[in-house]
Each structure stands twice: as C-alpha cells, then as structure tokens.
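Below are the structure tokens for one structure; questions will follow.
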Amino acid sequence: MEEEARKLLEEGIRKKLISPGKAELPTFATGTKVVFHYRTSRCDGKVMDDSRKMGNHSKPMELILGKKFKLAVWERVVVTMRPGEVSEFTCDTKHTALYPLVSQSLRNISAGKDPLEGQRHCCGIAQIHSHHSLGHKDLDELQANPQPLVFTIELLEALPPGSFQLDVWAMNDKEKLELVPQIHEEGNVLFKQGRVNEAMEKYYNGIACLKNLQMKEHPGDEAWLKLDHMITPLLLNYCQCKLLQGQYYEVIEHCSSLLFKYDDNVKALYKRAKAHAAVWNEREARADFAKVLELEPSLEPSIAKELRIMEEKIRIKDKEEKDRYKGLFRAPSATAMTG
C-alpha cells in the first residue's frame with residue numbers, strides 16, 4: 001500500500017485513507033465495472049459536486065475500466081481501493097483540467113437532460129480554452145482558473161467483466177445501434193400498460209443513444225439521415241408521453257424541430273396542434289389541424305372532435321373572464337356614494 005501511495009504521489013496524486021475496506025483488493029481487469037460515490041471539493045473546502053445529493057436520486061457513479069473515461073484520474077485512483085473503502089485524493093491541476101466538462105455532463109444527467117447539452121460545437125480541449133459558458137458559475141470559474149481538486153471516493157463494488165449487462169454509454173456503436181429497437185419496443189409495452197413515465201424514459205434513452213451516434217456523422221449525409229429517421233418515431237412517442245403529462249410547450253418545441261426538417265409529418269403536426277390548443281394558441285392550432293386535414297383527409301372526424309373540444313374550452317374561458325371583470329365596471333351603489 002505504501003508503494004502504491006508513493007507511485008500516486010509521483011504522479012501528482014496524494015491519497016489519504018479515511019476508512020479501510022474489508023474485502024480483498026480486486027484485480028481490476030480491463031472491462032471491470034467500478035461503482036462508487038464521489039464528492040468533489042476545491043482545496044479551500046468548497047464542495048462542488050456530491051453524487052449522494054445530485055438531482056432526485058443519489059445514484060452512484062459507474063465506470064468501465066479501459067473505456068477511456070474523459071476524467072482519466074478517476075480510473076487511476078479507484079484501482080488502488082478495496083470495496084467499502086473511503087479515501088480522499090488530492091489531484092494536481094494536470095489531472096483536473098477536464099473536470100468542468102465532466103461535471104456539466106453529470107449534472108445534466110442528474111437533471112434528466114442530454115449529457116452532451118452545451119458541448120456540441122467544440123471539442124473538450126477547445127472548450128476549456130474558450131469563453132464558452134457551461135451554464136454553472138462554479139464550473140465557469142474552474143474552467144477559467146484550473147486548480148487542484150479533492151475527490152473523496154467510496155468504492156461500493158467492482159464487478160468483473162461479463163458479470164453485468166453493459167450500460168448504453170459503455171457500448172460500442174454497433175451495440176448501441178442493435179439495442180435501440182429493443183429499447184423502442186420496451187417503451188411501447190410500458191406505454192400500453194399505462195406506465196407513461198417509464199415508457200418516456202425508454203424513449204429518451206433510445207433518442208440519446210441515436211443522437212450520440214448521429215454526432216459522429218455529417219448532417220445531411222446518408223448515415224446521418226438514416227439515424228434521423230430512427231430518431232423520429234422515438235421522438236414522436238416521447239412527445240405523446242409529454243402530452244399526457246401536460247408538458248405542452250416541450251411538445252411544441254420538439255414537434256417544431258421535427259417539422260422544420262420534415263414539414264409533412266402528420267403525427268408531428270397533429271401533436272403540435274393538440275399542444276397549441278391546450279395552451280390557447282387558437283390560430284396556430286387551427287393552422288396545424290388544417291394542414292393535417294390536407295395531408296390526411298381520413299382524420300377529419302378526429303380533427304372535428306379536437307376543434308369542438310378547443311372551441312368549448314375557449315368559450316368557457318371567455319365566459320369566466322367576462323364574469324371576473326363584470327363587477328369591476330359597475331356604477332358605485334348609492335350607499336357607497338353617501339358614505
């Protein structure tokens with residue numbers, strides 16, 4: 001153990017054992033899945049991230065050794081640990097330069113967003129040296145002034161290769177592409193069972209998987225278009241879940257982005273029309289319903305029903321507003337005038 005600590009020190013990493021683990025030191029072969037909780041602090045003690053307190057779930061971090069995770073120092077330090085061990089690693093700036101980007105991705109994931117949001121237009125190194133905001137003040141400060149960081153890590157388990165199912169992010173491109181139809185079908189089954197939240201998560205994972213592959217292609221190329229045509233039905237299903245949840249503005253946004261590329265997509269038009277109707281955008285709803293009718297005349301009964309529902313809601317809303325303001329403009333009573 002002293003030899004390992006000396007090696008780390010030579011590499012610019014100072015290890016401090018807080019609580020020893022009880023299990024034997026794993027072999028940590030390439031492909032091992034390590035599961036751990038982490039807390040990231042600056043050297044002045046200010047905590048930046050804590051996996052136990054991120055988002056709605058205190059989900060631990062998972063890494064597959066040898067998959068070249070962006071923050072290489074985490075792979076380096078966990079292989080010195082026993083399951084159950086808690087240790088503190090103070091790492092020189094050369095090991096922490098990419099932490100702002102890694103933290104941004106992990107925060108996006110914990111908030112249910114795309115992990116690559118905000119990182120689409122330049123590579124990690126270029127972004128570190130640019131003035132591009134990461135959307136978090138503390139990360140922007142760290143990006144502008146790189147500094148050593150302290151990682152307090154609790155290793156929960158180390159699973160040998162082949163003893164677990166690969167997570168999507170750890171798959172190669174071929175494995176991801178083969179997984180998407182399965183994710184899509186699982187989402188459909190959950191949706192039919194009325195488990196909308198779970199179905200939506202499946203659709204989201206499928207979309208994220210394909211978007212990740214699409215980023216490696218040139219927009220408009222054959223491979224890019226093929227992936228885009230796989231994304232479209234997943235995104236429409238995702239929007240259906242959002243409609244049921246009352247997330248109308250998100251539905252409008254996603255359907256609009258689809259219609260920008262495929263302006264005759266009847267399903268996107270229909271869902272956007274329903275979302276517009278739900279938020280009182282009468283003119284936009286009527287325009288979308290009219291386009292649907294033009295493209296798919298057989299939907300006339302359904303559209304007529306949706307328009308009736310919208311008109312009735314507008315009538316009720318108008319009546320409520322008239323009733324609310326009616327009393328404001330009444331002449332004052334004789335009693336009020338005489339005081």
Side-chain angles (χ1 to χ4, degrees), residues 56 108-109 111-121 135 183-184 187-188 190-191 194-212 214-215 219-220 224-225 227-318 320-321:
N56 298 322
N108 280 344
I109 291 167
K113 297 179 185 172
D114 182 343
L116 295 170
E117 189 174 297
Q119 297 182 20
R120 303 195 179 285
H121 303 297
I183 292 176
H184 196 156
N188 290 348
L190 289 165
F191 186 85
R195 295 156 71 183
V196 176
N197 273 344
E198 293 168 76
M200 190 171 70
E201 193 174 334
K202 290 285 182 185
Y203 298 139
Y204 175 86
N205 289 340
I207 293 163
C209 203
L210 292 169
K211 288 269 189 192
N212 180 267
Q214 199 181 37
M215 284 177 68
W224 188 94
L225 286 169
L227 290 165
D228 213 50
H229 288 136
M230 290 177 72
I231 289 168
T232 299
L234 280 163
L235 188 54
L236 286 167
N237 287 359
Y238 180 80
C239 284
Q240 184 59 37
C241 295
K242 287 287 180 181
L243 261 181
L244 293 173
Q245 292 183 329
Q247 304 287 326
Y248 303 119
Y249 288 105
E250 194 171 337
V251 173
I252 291 167
E253 184 185 339
H254 287 308
C255 289
S256 295
S257 71
L258 263 179
L259 289 161
F260 182 75
K261 294 178 287 187
Y262 312 109
D263 62 359
D264 60 349
N265 189 299
V266 172
K267 288 183 178 177
L269 278 164
Y270 196 86
K271 290 181 201 306
R272 189 173 73 175
K274 288 187 72 165
H276 274 310
V279 294
W280 316 106
N281 295 342
E282 183 182 1
R283 185 171 56 81
E284 291 88 345
R286 286 189 184 281
D288 279 349
F289 279 133
K291 186 81 185 286
V292 171
L293 195 54
E294 184 187 314
L295 293 166
E296 196 66 63
S298 64
L299 289 173
E300 196 275 332
S302 299
I303 292 168
K305 183 183 173 188
E306 292 293 343
L307 286 170
R308 280 197 303 275
I309 292 169
M310 180 179 74
E311 286 159 4
E312 179 62 15
K313 282 182 178 174
I314 289 169
R315 190 188 65 75
I316 292 168
K317 182 170 178 260
D318 287 347
E320 284 174 354
E321 286 182 354

Requested in this report: Begin from the C-alpha positions of Gln240 and Met200 and carry the test side chain to side chain contact (heavy atoms under 4.5 Å, CB included) through to its verdict.
Outcome: CA-CA 9 Å; Gln240 184 59 37; Met200 190 171 70; over 6 Å; no

Query raised in the report: Does the side chain of Leu244 come within less than 4.5 Å of Phe191's, by heavy atoms?
Result: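 Yes - at least one pair of side-chain heavy atoms lies under 4.5 Å apart.
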
**Report entry** Under the ring pair (Phe, Tyr, Trp, His ring centres under 6.0 Å) test, residues paired with Tyr249 that sit two or more places apart
**Finding:**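 Partners of Tyr249 by the ring pair (Phe, Tyr, Trp, His ring centres under 6.0 Å) criterion come out as none, since no residue qualifies.
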
Report task. For Ile183 and Lys202, work out which heavy atoms get closest and say how close. Result ->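 Here Ile183 and Lys202 meet closest at CG2-O, 3.0 Å.
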
Requested in this report: Can you sort out the partners of Ala277 under side-chain contact (heavy atoms from CB on, under 4.5 Å), two or more places apart, ordered by chain and number?
Outcome: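 Applying side-chain contact (heavy atoms from CB on, under 4.5 Å) to Ala277 gives Ala285, Met310.
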
Query raised in the report: Can you tell me how far NZ of Lys261 sits from NE2 of His229, rounded to the nearest 0.5 angstrom?
Result: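 Result: 9.0 Å between the selected atoms.
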
Side-chain donor-acceptor distances from residues 299-306 under 3.5 Å, at least two apart:
unit_1, atom_1, unit_2, atom_2, d
Glu306, OE2, Lys274, NZ, 3.4

**Report entry** Pairs involving residues 274-297, ordered by first then second residue, that meet ring-ring contact (aromatic ring centres under 6.0 Å, His included) (sequence neighbours left out)
**Finding:**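 Every pair satisfying ring-ring contact (aromatic ring centres under 6.0 Å, His included) with a residue in residues 274-297: Tyr270-Phe289.
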
Query raised in the report: side-chain contact (heavy atoms from CB on, under 4.5 Å) with Glu201: which residues, sequence neighbours excluded?
Result: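 If we apply the side-chain contact (heavy atoms from CB on, under 4.5 Å) test to Glu201, skipping adjacent residues, the hits are Asn205.
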
**Report entry** Gap between atom CD1 of Ile309 and atom CD1 of Ile314 - 0.5 Å precision
**Finding:**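 Rounded to the nearest 0.5 Å, the CD1-CD1 separation comes out at 12.0 Å.
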
Query raised in the report: How are the rings of His254 and Tyr238 set relative to one another: parallel (under 30°), tilted (30 to 60°) or perpendicular (over 60°)?
Result: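 Answer is perpendicular, since the angle exceeds 60°.
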
Report task. For Arg286, enumerate each residue passing the salt bridge (charged side-chain N to carboxylate O under 4.0 Å, His left out) test, keeping only those at least two apart in sequence or located in another chain. Result ->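 Residues passing salt bridge (charged side-chain N to carboxylate O under 4.0 Å, His left out) with Arg286: Glu282, Glu311.
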
Query raised in the report: Which atoms form the tightest heavy-atom contact between Leu225 and Gly220, and what is the distance?
Result: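 That would be CD1-O, 3.4 Å.
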
**Report entry** Sole residue of Asn197, Val251, Val196 in side chain to side chain contact (heavy atoms under 4.5 Å, CB included) with Cys241
**Finding:**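 So, applying the side chain to side chain contact (heavy atoms under 4.5 Å, CB included) to Cys241 and each of Asn197, Val251, Val196, only Val196 qualifies.
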
**Report entry** More than 12 heavy atoms from other groups under 6.0 Å of NZ on Lys291
**Finding:**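 Atom NZ in Lys291 is packed in, count exceeds 12.
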
Query - Residues forming a side-chain contact (heavy atoms from CB on, under 4.5 Å) with Asn237, sequence neighbours excluded - result: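 His184, Asn188, Tyr203.
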
Query raised in the report: When rounded to the nearest 0.5 angstrom, what is the spacing between OH in Tyr262 and OG1 in Thr232?
Result: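 Result: 5.0 Å between the selected atoms.
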
Query - Partners meeting salt bridge (charged side-chain N to carboxylate O under 4.0 Å, His left out) with Lys313 (sequence neighbours left out) - result: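 Here no residue qualifies.
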
Query - Qualifying residues under side-chain contact (heavy atoms from CB on, under 4.5 Å), relative to Leu259, sequence neighbours excluded - result: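 Per chain and number, Leu259 pairs via side-chain contact (heavy atoms from CB on, under 4.5 Å) with Asn265, Ala268, Leu269, Arg272.
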
Query raised in the report: Taking atom CD of Glu284 and atom OG of Ser256, what is their separation to the nearest 0.5 Å?
Result: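 Separation between the atoms: 10.0 Å.
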
Query raised in the report: Can you name the salt bridge (charged side-chain N to carboxylate O under 4.0 Å, His left out) partners of Glu320, sequence neighbours left out?
Result: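 Applying salt bridge (charged side-chain N to carboxylate O under 4.0 Å, His left out) to Glu320 gives none.
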
Report task. Kindly write out the residues that satisfy salt bridge (charged side-chain N to carboxylate O under 4.0 Å, His left out) with Arg308, not counting sequence neighbours, or none if the list is empty. Result ->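 Salt bridge (charged side-chain N to carboxylate O under 4.0 Å, His left out) list for Arg308, sorted by chain: empty.
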
**Report entry** Interatomic spacing from NZ in Lys271 to CG in Leu258 - rounded to 0.5 Å
**Finding:**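 Rounded to the nearest 0.5 Å, the NZ-CG separation comes to 10.5 Å.
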
Report task. Give the minimum heavy-atom separation between Gly206 and Leu234, together with the two atoms involved. Result ->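 Here Gly206 and Leu234 meet closest at C-CD1, 3.9 Å.
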
Query raised in the report: Tell me the salt bridge (Lys or Arg N to Asp or Glu O under 4.0 Å) pairs involving residues 231-260, sequence neighbours left out?
Result: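 Salt bridge (Lys or Arg N to Asp or Glu O under 4.0 Å) check on residues 231-260 returns Lys242-Glu250.
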
